[in-house]
Amino acid sequence: MPQRMDVLRWGYRLGRDPRITTHLGLVARALGATGFLLTGDRDDDLFDNLQSVCQRFGGELETTHVPGLKHLKNHVQNGGVAVHLTMYGESYHDAIEKIPRDKHLLIVVGGAKVPAEVFKTCQFNVAVGNQPHSEVAALALFMDAWQGHKSTLREFPNAELSIQGTNDGKIVVENNSENTNEDV
Ligand code: SAM
């Protein structure tokens, strides 16, 4: 049974971060996280939007506000492994070989300045290239590499809608009805 994997968005700011943080939540869900956690400001609407995607497209994503450092320290003290994505870290190509696979994995991504204590508490500070780019890109690339580049090959149970990928138009299947909406 694969170990649980959660994503923690550090230092969420209402007003400034909702769009990119929603994208982090969507990546977390689509690429196989069990939970999406926020520290910083509280935003129930953001979590509602993510739950609405789960409702329509299936699967489950636990969405929770957590007290940042306390949660991180508890996670590590309870035997979990914490990976902080930062451009200052060790290359993910090398780090992925060292990160234990038999432990609950918490992936931490920043936004606002990440305090030094996060760097110290996480057992792994991991870079997806040592250039500044985006937490969304870093998360997606790390999660995909962690799962052997198969992170998007998964089923989403109980979906109201599923998409049959096609090169030509859009095929959306409504699973509880006979309808297939071929919207070109
Ligand atoms: N100075 C920041 C840093 O430590 O990476 C860049 C801030 S960036 C706008 C916000 C977040 O994106 C960072 O906290 C980090 O989680 C992620 N990020 C950006 N570039 C990254 C990279 N090259 N490798 C890993 N994570 C990165």
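Atoms within each ligand, like the ligands themselves, are counted from 1 in listed order. For this chain, numbers begin at 1 and follow the sequence in order. All figures in this text were calculated on a predicted structure; none of them were measured in a lab.
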Atoms of ligand 1 close to Val109 [distance to a heavy atom under 4.0 angstrom, numbered from 1]: 16 (O)
His84 contact mode with ligand 1 (heavy-atom cut-off under 4.0 Å): neither
N or O contact, Asn130 vs ligand 1, cut-off under 3.5 Å: no
Atoms in ligand 1 with a heavy atom of Ala138 nearer than 4.0 Å: 25 (C), 26 (N), 27 (C)
Nearest-neighbour protein heavy atom for atom 4 (O) of ligand 1, which is reported as residue plus atom name and distance: Thr86 OG1, 3.1 Å
Nitrogen or oxygen of Ala127 less than 3.5 angstrom from that of ligand 1: no
Parallel, tilted or perpendicular: ring planes of His65 versus Phe47, cut at 30 and 60 degrees: tilted
Aromatic Phe156 / basic Arg29 pairing, under 6.0 angstrom, 45° off normal: yes
Within-4.5 Å side-chain heavy-atom neighbours: Thr21 and Leu46: yes
Tyr88 contact mode with ligand 1 (heavy-atom cut-off under 4.0 Å): side chain
Val27-Trp146 co-clustered via ILVMFWY side chain contacts under 4.5 Å: yes
Under-4.0 Å heavy-atom contact between protein and atom 6 (C) of ligand 1: no
For atom 19 (C) of ligand 1, the protein heavy atom that lies nearest, with its residue and separation: His133 N, 3.8 Å
Ligand-residue contact atoms, ligand 1 with Gly129, heavy atoms, under 4.0 Å: 22 (C), 23 (N), 24 (N)
Geometric class of the Phe119/Tyr88 ring pair [parallel <30°, tilted 30-60°, perpendicular >60°]: tilted
Check ion pair Glu174-Arg56 (N to O, under 4.0 angstrom): no
Closest approach of any protein heavy atom to atom 9 (C) of ligand 1, naming residue and atom: Glu135 OE1, 3.8 Å
Val126 near ligand 1 by a heavy-atom separation under 4.0 Å: yes
Shared hydrophobic cluster for Leu8 and Phe124 (ILVMFWY, side-chain gaps under 4.5 Å): no
Polar contact flag, side-chain donor to acceptor under 3.5 angstrom, Thr34-Glu62: no
Val114 N/O to ligand 1 N/O under 3.5 Å: no
Short N or O distance, Val128 and ligand 1, threshold 3.5 Å exclusive: yes
Residue of the set Thr86, Thr39, Leu72 for which side-chain contact (heavy atoms from CB on, under 4.5 Å) holds with Val108: Leu72
Path from Leu31 to Val109 over hydrophobic side-chain contacts below 4.5 Å: yes
Top protein contact for atom 16 (O) of ligand 1, by heavy-atom distance: Leu85 O, 2.5 Å
Top protein contact for atom 11 (C) of ligand 1, by heavy-atom distance: Gly110 O, 3.6 Å
